[in-house]
Participant: 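This is the structure I want to talk about, given as structure tokens.
First the proteins, then the strands, lettered A, B, ... as listed; each starts at 1.
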There are 2 protein chains.
Amino acid sequence: MISRAVDTKTRILDAAEKLFGQNGFDATSLRDITAEAEVNLAAVNYHFQSKESLIDAVVARRVEPVNQKRLEMLEAAGPNPTLEQLLIAFLQPLMQSDLAQVYPLMARLLATPDAFLTRLFKKHLSLIIERFSEAFSQALPECDATQIRWKMQFTAGAMAHVLSRAYAMPELMPDVKFDSQTVLAELVTFAAAGFRAKEGI
Amino acid sequence: MISRAVDTKTRILDAAEKLFGQNGFDATSLRDITAEAEVNLAAVNYHFQSKESLIDAVVARRVEPVNQKRLEMLEAAGPNPTLEQLLIAFLQPLMQSDLAQVYPLMARLLATPDAFLTRLFKKHLSLIIERFSEAFSQALPECDATQIRWKMQFTAGAMAHVLSRAYAMPELMPDVKFDSQTVLAELVTFAAAGFRAKEGI
DNA sequence: GTCTATAGGTTGATAGAC
DNA sequence: GTCTATCAACCTATAGAC
């Protein structure tokens with residue numbers, strides 16, 4: 001349930017974030033959102049102009065702080081960061097446990113290749129991808145730019161999959177407790193080894 | 001365009017496969033499908049009972065042969081397969097280039113955690129997951145079952161992400177040509193190293 | 001098996017009172 | 001800013017003629 005101690009605009013954002021993550025963007029109607037937020041239907045079109053603008057606002061509210069933290073951690077790692085430092089700077093700001101409620105939304109954004117969402121994705125992430133691919137290339141000078149991009153895609157896909165299944169995990173993996181700290185460590189270990197691996201199949 | 005040289009039922013499956021992959025399950029209406037297939041709207045409910053049954057049929061037609069090939073390759077690898085052999089047996093049947101038209105559909109299935117699709121996913125993949133997790137555990141005896149499951153999740157996520165972006169890749173990675181043979185090799189190398197990596201972060 | 005026609009319900013968005 | 005009421009468009013599914 002969405003807290004009533006905040007203004008209408010925030011309640012709409014909170015409800016939309018929850019339902020978009022849970023059921024997807026297409027399957028969530030504006031009526032579902034206003035019912036969850038306990039606000040009037042017309043309030044959505046008053047505060048946001050359209051459903052697409054609402055999606056943009058919902059995503060931007062969560063992505064921008066994550067990206068800022070990523071760039072801060074990238075900078076804090078100094079001029080010659082290790083591969084592990086780079087992976088943590090990229091993954092940790094999103095996989096923090098206090099963002100667990102946002103995992104499903106982020107997973108939808110990462111894994112839904114619709115035209116509008118792809119545009120949104122590029123708008124919010126092209127700078128991050130650029131900066132980190134430079135850093136990865138510098139950390140692995142023997143690896144060409146194409147290979148770096150594939151390895152980043154693999155890592156992002158692994159992360160997206162974990163985020164999308166975070167809540168379903170107990171069902172899919174009954175004896176495995178989901179703990180974001182542990183999974184982050186597992187993923188960093190996995191991806192770091194993958195980045196360092198040379199061709200030879 | 002869907003070929004007219006096949007029967008109505010197949011034309012519906014072909015059109016649905018294309019549009020579900022392109023625009024998602026929710027965003028694709030039965031009208032979209034019958035228009036693309038050039039058949040009458042009522043034919044969908046005649047040949048399939050409902051939209052959910054249609055989705056099931058569309059998925060089953062492609063997943064079952066892939067799973068059969070996976071089990072064949074697993075068996076053909078003998079009693080003591082290498083990690084690389086296991087990864088190829090899991091990944092190659094789906095990432096074959098002659099299945100490129102099916103990539104978007106498979107990516108949607110893998111990356112959409114809706115209740116109905118999760119049920120579909122489990123129905124078609126639980127046997128595969130069981131068999132391969134046993135085989136991975138046997139190939140990496142020093143790795144406990146939980147870690148094996150995470151590493152499989154990471155690998156599946158990397159694969160799903162590549163499949164979902166296969167057609168968008170030229171746009172997201174302008175100077176990288178998508179070639180399923182090359183990407184398969186890159187992914188096997190990446191994942192094999194990730195599987196062998198020990199904790200130590 | 002294939003068609004038309006339509007029932008019955010939902011959707012995003014807006015007009016206009018307060 | 002918030003509400004009610006409503007529009008026009010869309011949806012899945014089915015009944016019934018051929």
Participant: Quickly work out the A:Glu52 CD to C:dG12 C1' distance and round it to whole Å.
Facilitator: 11 Å
Participant: Whole Å only: how far is the CG atom of B:Leu41 from the P atom of C:dC3?
Facilitator: 11 Å
Participant: Kindly point out which of C:dG1, D:dA13, D:dG1 is positioned nearest to the side chain of A:Tyr46?
Facilitator: D:dG1
Participant: If you compare every side-chain N and O of A:Ser29 against the phosphate oxygens of C:dT11 (OP1, OP2), does one of them come in below 4.0 Å?
Facilitator: yes
Participant: Tell me: CG of A:Asp7 to C1' of D:dG1, nearest whole Å?
Facilitator: 11 Å
Participant: When you get a sec, tell me which of D:dA13, C:dA13, D:dT2 is the closest nucleotide to the side chain of A:Ser50?
Facilitator: C:dA13
Participant: Does A:Arg61 qualify as a cation-pi partner of A:Phe48, given the criterion of NZ or CZ under 6.0 Å from the six-membered ring centre and within 45 degrees of its axis?
Facilitator: no
Participant: Grab the CD1-P distance between B:Ile12 and D:dA13 for me, whole Å please.
Facilitator: 13 Å
Participant: Which sits closer to the 5' end of DNA chain D, A:Arg31 or A:His47, going by the nucleotide each is nearest to?
Facilitator: A:His47
Participant: More than 12 heavy atoms of other residues, nucleotides or ligands under 6.0 Å from CD of B:Glu75: yes or no?
Facilitator: no
Participant: Nearest of D:dA13, D:dC11, D:dG1 to any side-chain atom of B:Asp32?
Facilitator: D:dC11
Participant: When you measure from the side-chain N and O atoms of A:Thr8 to the phosphate of D:dT2, is any distance below 4.0 Å, counting only OP1 and OP2?
Facilitator: yes
Participant: Decide whether A:Ser29 and A:Asp32 meet the rule of one side-chain donor and one side-chain acceptor closer than 3.5 Å.
Facilitator: yes
Participant: Can you measure A:Leu19 atom CG to C:dT11 atom C1' for me and round it to whole angstrom units?
Facilitator: 16 Å
Participant: Calculate the interatomic distance between A:Asn45 atom CG and D:dT4 atom P; express it in whole Å.
Facilitator: 15 Å
Participant: Find the distance A:Glu38:CD to D:dC3:P and express it as a whole number of Å.
Facilitator: 11 Å
Participant: Quick check against the 3.5 Å criterion: does A:Thr34 have a side-chain atom that pairs as donor or acceptor with the backbone of A:Arg31?
Facilitator: yes
Participant: Between D:dC10 atom P and A:Asp26 atom CG, what is the distance in whole Å?
Facilitator: 16 Å
Participant: Looking at every strand, decide which applies to A:Ala42 at a 4.0 Å heavy-atom threshold: base, sugar-phosphate, or nothing.
Facilitator: base
Participant: Does a side-chain N or O from A:Asn40 land closer than 4.0 Å to OP1 or OP2 of D:dG1, or not?
Facilitator: no
Participant: Should the heavy atoms of other residues, nucleotides or ligands under 6.0 Å from CD of B:Gln181 be counted, would the total exceed 12?
Facilitator: no
Participant: Please compare A:Ala27 and A:Gln49 by the position of their nearest nucleotide in DNA chain C and report the one closer to 5'.
Facilitator: A:Ala27
